[in-house]
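Note sheet for the following structure.
Below, chain A is the first sequence line, B the second, and so on; all start at residue 1.
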Amino acid sequence: MRVTQSVVKTLREAPAGAELPSHIFLLRGGYVKQLASGLYSIMPFGKRILQKIEVVIREEMNRIDGQEVELPLSQPAELWQESGRYTAVGSELLRFKDRTEHPMVLAMTHEEAVTDMARHYLSSYKQLPFMVYQFQLKFRDEPRSRGGLVRVREFTMKDGYSFHRTDEDLDAYYQRVYTAYERIFQRVGIRPVVVKSDTGIMGGKLAHEFMLETGHGEDYLILARDGSYAANQEIAEFHRETVPESPLPVEKVATPGYKTIEDVSGFLSVDAKKTMKVVLYETEHAKRKTLVMVALRGDLEAGEIKIRNYLKVPWLLPAQDDFIRSFGIVPGYASPVGIAERSDLLILSDLSIAEGNNFVAGANEEGFHLRHVNFRRDFQTPHCGDFAKAVSGHKSPDGKAELHAVRGIEIGNIFKLGTKFSESMNCAYLDESGQHKIPIMGCYGIGVGRLMAAVVENSHDDFGPIWPEEITPFHVHLVAIGKEPEVVEACEKLQAEWDAAGFEVLFDDRDERPGVKFKDADLWGVPVRVAVGKKTLAEGCVEWKLRKDKEHTVVPLSSTSDRLKSHYRK
RNA sequence: CGGGACUUAGCUCAGCCUGGUAGAGCAUCUGCUUUGGGAGCAGAGGGCCGCAUGUUCGAAUCAUGUAGUCCCGACCA
């Protein structure tokens with residue numbers, strides 16, 4: 001490919017708003033062009049990379065017996081009503097009507113479509129297990145797209161779905177996918193951190209996310225430094241250290257105007273760890289507006305995902321003061337002491353409170369707190385569990401390792417779905433004894449464009465991306481220095497020779513100064529750069545430079561094909 | 001959905017405070033010169049100053065509204 005014939009334009013400066021290295025370089029290198037918020041046009045160089053990423057993923061999916069399919073992007077709403085997601089998912093699901101006023105959606109994932117396919121195909125246990133996968137657009141009407149290609153509204157995803165007779169069979173296959181994912185990420189040069197992740201309110205038993213650790217990530221991961229623990233912060237567990245004390249009598253103290261944990265602990269000279277924080281949410285539980293009171297140790301923060309998962313509710317909002325007061329609870333001095341659970345008032349107690357003693361808690365009276373509040377003696381609730389957020393400095397659940405929080409980009413996920421979709425959508429088969437059985441499903445996703453962005457985050461310098469050999473848009477970047485006939489002729493001969501040897505050659509034949517070409521070479525990130533200039537050519541030599549190295553070497557022109565072969569191990 | 005900012009040439013931005021009809025650098029086109037890390041000179045093309053309404057003799061500039069974009073947070077099967 002000649003640069004003069006390529007549909008590519010580089011930018012000297014980053015467009016306003018681009019902050020992540022991947023965003024800046026993908027725009028500056030002419031790989032992608034933003035069309036609107038969260039919508040990107042992929043230009044030829046970007047498309048070449050995406051296609052190669054798809055090749056890598058396809059090879060690894062086929063290796064674990066996946067079969068490629070393609071499922072529609074636009075789907076009738078009925079399909080989503082069957083699974084229950086039509087109402088369970090919010091505005092992220094784009095709903096529209098077709099020409100005949102039929103309600104439709106743009107798929108955000110393809111569980112419904114694949115389950116529909118499976119229920120028509122599947123009739124006998126003899127057909128199980130199987131896995132199908134596709135590369136297909138997803139549309140998610142993100143409330144906030146950001147970070148260039150990291151979080152977009154429309155994107156191509158590799159999504160795979162497996163069907164099994166037993167949990168054991170799913171477990172075994174899940175492990176194979178896990179291994180396939182490790183191979184995929186290794187081939188694009190990424191060493192992911194694998195964390196346990198939230199399975200959401202749609203059900204499912206176990207899920208892992210493959211994360212690229214990067215300061216620019218949008219997820220927070222909780223990791224043990226010794227590798228013994230890794231989880232998404234949303235669900236990360238931790239060990240609560242408590243020193244048992246004997247309960248002391250409750251004592252009411254005046255704390256005029258002191259409402260926050262910081263104020264109260266300062267005023268009463270007690271450690272925040274000896275205070276009780278009460279966080280109040282409102283939600284819809286059992287079909288009515290419900291107040292959720294969560295009691296935590298003062299130094300902890302509420303873990304909203306944990307609370308939502310415990311209550312099996314899709315959302316929590318900070319409770320309004322009026323609503324709080326209607327239960328006799330006083331904002332700023334709130335406490336579960338003296339408050340009884342009702343059908344529309346749930347009291348949750350974090351383990352830190354249940355296992356500790358003698359907390360300073362609100363008195364539900366303006367200007368007063370209580371000393372020495374103890375769980376069970378002073379208040380009770382059956383809802384006792386892990387409702388706090390793990391942060392840096394906490395101990396891992398076994399109490400042995402220190403945890404720390406890092407940011408990461410999710411580049412893949414695997415999920416034991418269970419029978420959520422197969423059951424609601426009547427996907428069944430007959431077993432040996434003629435009994436109807438529901439297949440157990442797993443699903444497995446990788447965002448292709450996001451992975452390209454993640455590769456740049458993972459592999460770049462100050463001047464541009466450094467593409468891994470497996471997914472580079474070209475194998476070798478041939479740069480003509482000057483336009484002397486002998487230089488042009490030598491370049492054309494080299495291009496033809498390398499083409500014939502099966503290498504993808506990018507030939508910069510532009511009438512540009514060397515500096516311009518070298519800057520662009522850095523933005524295009526091709527692993528091998530060969531520069532042909534008059535001086536070295538007179539000695540039968542060219543310049544050989546690897547993108548990852550700073551310096552070039554002068555090598556015989558005749559050796560370049562062999563060098564390429566050995567570089568690419570062909 | 002909250003909080004903040006921005007919107008002027010293909011890109012990055014100045015001009016706005018103090019109203020008088022549009023600027024720079026880069027990019028593009030022409031010519032010359034130059035040729036090893038985004039050269040120089042001369043010339044040319046390119047603008048509903050996001051949109052709407054208002055104030056004014058006159059609005060890129062002031063006011064109100066609205067849309068788009070970006071950042072932080074919420075949300076994220």
Among V526(A), L494(A), V528(A), the one residue meeting side chain to side chain contact (heavy atoms under 4.5 Å, CB included) with L478(A):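 Going through V526(A), L494(A), V528(A) one by one, the side chain to side chain contact (heavy atoms under 4.5 Å, CB included) with L478(A) is satisfied by L494(A) alone.
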What do you reckon, is CD of E68(A) surrounded by more than 12 foreign heavy atoms closer than 6.0 Å?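 Atom CD in E68(A) is packed in, count exceeds 12.
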Nearest-angstrom distance, [atom1] atom, [N] to [M]:
N      : M      : atom1 : result
U7(B)  : A77(B) : P     : 35 Å
U12(B) : C71(B) : P     : 14 Å
U56(B) : U61(B) : C1'   : 13 Å
G25(B) : U8(B)  : C1'   : 15 Å
G15(B) : A22(B) : C1'   : 9 Å
G47(B) : A42(B) : C1'   : 24 Å

Checking base pairs now: Watson-Crick or wobble, both atom distances under 3.5 Å. What partners [N]?
N      : result
C57(B) : G20(B)
C41(B) : G31(B)
G47(B) : none
C1(B)  : G73(B)
C11(B) : G25(B)
G36(B) : none
U64(B) : A52(B)

Pair Y40(A) + F155(A): ring centers closer than 6.0 Å: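 Between Y40(A) and F155(A), the centre distance exceeds or equals 6.0 Å.
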Is the F25(A)-Y31(A) ring centre distance short of 6.0 angstrom? no
Without hydrogens or angle criteria, can the side chains of [X] and [Y] be said to hold a donor-acceptor pair below 3.5 Å?
X       : Y       : answer
D219(A) : Q233(A) : no
Q136(A) : H110(A) : no
T109(A) : R85(A)  : yes

Identify the heavy atoms of L212(A) and A454(A) that sit nearest to each other, and give their distance. CD2-O, 3.3 Å
Return the minimal non-hydrogen interatomic distance between F415(A) and T199(A), and the atom names on each side.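 F415(A) and T199(A) have their closest heavy atoms at CZ-O, 3.2 Å.
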Ignoring hydrogens and angles, does a donor from either the side chain of R28(A) or the base of G38(B) sit under 3.5 Å from an acceptor on the other?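 Present.
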hbond_proxy E543(A) side chain to G36(B) base (donor-acceptor, 3.5 Å cutoff): yes
To the nearest Å, give me how far apart [atom1] ([X]) and [atom2] ([N]) are.
X       : N      : atom1 : atom2 : answer
W80(A)  : A77(B) : CH2   : P     : 12 Å
E512(A) : G37(B) : CD    : P     : 14 Å
E142(A) : G73(B) : CD    : P     : 15 Å
K416(A) : A77(B) : NZ    : C1'   : 19 Å
I481(A) : U34(B) : CD1   : P     : 18 Å
K420(A) : A77(B) : NZ    : P     : 14 Å
R510(A) : A27(B) : CZ    : P     : 12 Å
W315(A) : C1(B)  : CH2   : P     : 16 Å

Taking the six-membered ring for Trp, are F45(A) and W524(A) parallel (under 30°), tilted (30 to 60°) or perpendicular (over 60°)?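 Taking W524(A) first and then F45(A), their aromatic rings stand perpendicular (interplane angle over 60°).
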Within the 4.0 Å heavy-atom criterion, would you say [X] contacts the bases, only the backbone, or no part of the nucleic acid?
X       : answer
E304(A) : sugar-phosphate
H110(A) : nothing
L523(A) : base

Which sits closer to the 5' end of RNA chain B, R529(A) or P143(A), going by the nucleotide each is nearest to? R529(A)
Here's a test of your reading of the structure: between G90(A) and T536(A), which maps to the more 5' nucleotide of RNA chain B?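 Its nucleotide being nearer the 5' end, the pick is T536(A).
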Which of the following nucleotides, [options], is nearest to the side chain of [X]?
X       : options                : answer
K483(A) : G38(B), G36(B), U35(B) : U35(B)
E13(A)  : A77(B), U12(B), G36(B) : U12(B)
R513(A) : G36(B), A39(B), G38(B) : A39(B)

Restricting both atoms to N or O, compile the protein contacts to nucleotides 68-71 of chain B shorter than 3.5 Å, with distance only.
| unit_1 | atom_1 | unit_2 | atom_2 | d |
| --- | --- | --- | --- | --- |
| U69(B) | OP1 | S37(A) | N | 2.8 |
| C70(B) | OP1 | Q34(A) | NE2 | 3.0 |
| C70(B) | OP2 | S37(A) | OG | 2.7 |

Tell me whether the side-chain N/O atoms of R85(A) come closer than 4.0 Å to OP1 or OP2 in A77(B).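 Answer no for this pair, as no side-chain N or O of R85(A) is under 4.0 Å from OP1 or OP2.
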